Amino acid sequence: MVPGDGDSCWDLASENERRWYLDVTADGCATRPLPFFDPRATPHPLASLLQPLRLTGGLERVRRRTYVYATGWDGPSPFTTTYERLREDPAWRAIALDGGHNLMRDAPHDLVRILTEAA
């Protein structure tokens, strides 16, 4: 997701992802790892998914903006709309990789190459 000022992950997620986010731990403070995550994954703080992002300016100073899109989702990807928008934006380099949510596992060499080029 590429949020704008005032957006939260919750705002940008689909209803399917929101249902996953609401599967919280017993204390209600964290969401359980998503079903397709690595079994070693730990709960994620729920507040970080709900809190709006506050941008104060300066994005124009970011010289390289790279978005890596995972094409190998089991079902529709929640990131397709973002990828399609950014691939048309000349300020961004949008790259599609064959892999699921965990690209470091599914396409490690390609991902490292892309990140090195972006550095």
Side-chain angles (χ1 to χ4, degrees):
M1 297 179 184
V2 179
D5 187 45
D7 287 337
S8 70
C9 185
W10 180 269
D11 295 334
L12 300 175
S14 71
E15 287 303 317
N16 191 41
E17 282 78 44
R18 289 181 187 141
R19 279 191 296 278
W20 286 339
Y21 298 160
L22 292 176
D23 180 18
V24 295
T25 55
D27 63 7
C29 294
T31 187
R32 297 180 203 287
L34 298 180
F36 50 84
F37 278 14
D38 185 286
R40 297 169 290 178
T42 59
H44 189 87
L46 184 58
S48 69
L49 301 171
L50 302 174
Q51 183 176 15
L53 177 67
R54 293 293 166 223
L55 298 175
T56 58
L59 186 59
E60 68 282 350
R61 292 190 308 261
V62 177
R63 294 178 312 152
R64 295 184 186 127
R65 301 177 201 171
T66 302
Y67 184 84
V68 182
Y69 174 68
T71 63
W73 282 73
D74 185 22
S77 168
F79 304 104
T80 302
T81 304
T82 301
Y83 171 69
E84 290 172 350
R85 174 174 53 91
L86 295 180
R87 121 180 128 178
E88 300 300 322
D89 185 335
W92 285 84
R93 179 178 174 218
I95 302 163
L97 282 185
D98 184 24
H101 185 76
N102 187 346
L103 286 173
M104 198 57 173
R105 178 194 62 214
D106 298 342
H109 301 294
D110 289 330
L111 183 60
V112 168
R113 177 184 48 77
I114 291 165
L115 294 174
T116 301
E117 289 170 359

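Note that this is a predicted model, so its numbers are computed, not measured. Residues: numbered from 1 along the sequence shown.
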Looking at side-chain heavy atoms only, is the closest gap between P3 and L12 below 4.5 Å? yes
I'd like to check V112 versus H109 (side-chain heavy atoms, cut-off strictly below 4.5 Å). Are they in contact? no
Hydrophobic cluster membership, with links at side-chain heavy-atom distances under 4.5 Å among I/L/V/M/F/W/Y: are V2 and W10 in one? yes
Distance under 6.0 Å and angle within 45° of the ring axis: does R87 meet both against W92? no
Any chain of hydrophobic side-chain contacts (each under 4.5 Å) joining F37 to L97? no
Just by modelled atom types, is the L86 backbone N or O under 3.5 Å from a matching donor or acceptor in the D89 side chain? no
Heavy-atom closest pair (A70 atom, S77 atom, distance to 0.1 Å) is O-OG, 4.5 Å
Count the heavy atoms belonging to other residues, nucleotides or ligands that lie under 6.0 Å from CG of D74, then report whether that count exceeds 12. no
Same hydrophobic cluster for L22 and L49, using side-chain heavy-atom links shorter than 4.5 Å among ILVMFWY? yes
Donor-acceptor contacts under 3.5 Å from residues 57-67 side chains, at least two apart:
residue: R64; atom: NH1; partner: A119; partner atom: O; Å: 2.5
residue: R65; atom: NH2; partner: L59; partner atom: O; Å: 3.0

Would one find more than 12 heavy atoms of other residues, nucleotides or ligands at under 6.0 Å from atom CD of Q51? no
Could you state the interatomic distance from CG (D11) to CZ (R18), rounded to the nearest 0.5 Å? 7.0 Å
Closest heavy-atom pair, M1 versus A13, reported as atoms and distance to 0.1 Å, is CE-CA, 3.8 Å
In terms of relative ring orientation, are W73 and F79 parallel, tilted or perpendicular, with 30° and 60° separating the classes? tilted
Exam field: side chain D106 to backbone G100, donor-acceptor pair closer than 3.5 Å: yes
Looking only at heavy atoms, the pair that brings T71 and A96 closest together is CG2-CB, 3.7 Å
Do Y21 and C9 touch side chain to side chain, with heavy atoms closer than 4.5 Å? yes
Closest approach of D98 to A107 (non-hydrogen atoms, all atoms of both residues): O-CB, 4.0 Å
Nearest non-hydrogen partners of A41 and P33, listed with the distance: O-CG, 3.5 Å
Between the main-chain N or O of V24 and the side-chain N or O of T31, is there a donor-acceptor pair closer than 3.5 Å? no
Between P52 and G6, what is the shortest heavy-atom contact and its length? CB-O, 3.5 Å
Connected via hydrophobic side-chain network under 4.5 Å: L34 and L103: no
For residues M104 and I95: do they belong to one hydrophobic cluster (side chain heavy atoms under 4.5 Å, members Ile, Leu, Val, Met, Phe, Trp, Tyr)? yes
Does one side chain, of Y69 or T82, offer a donor that lies under 3.5 Å from an acceptor on the other? no
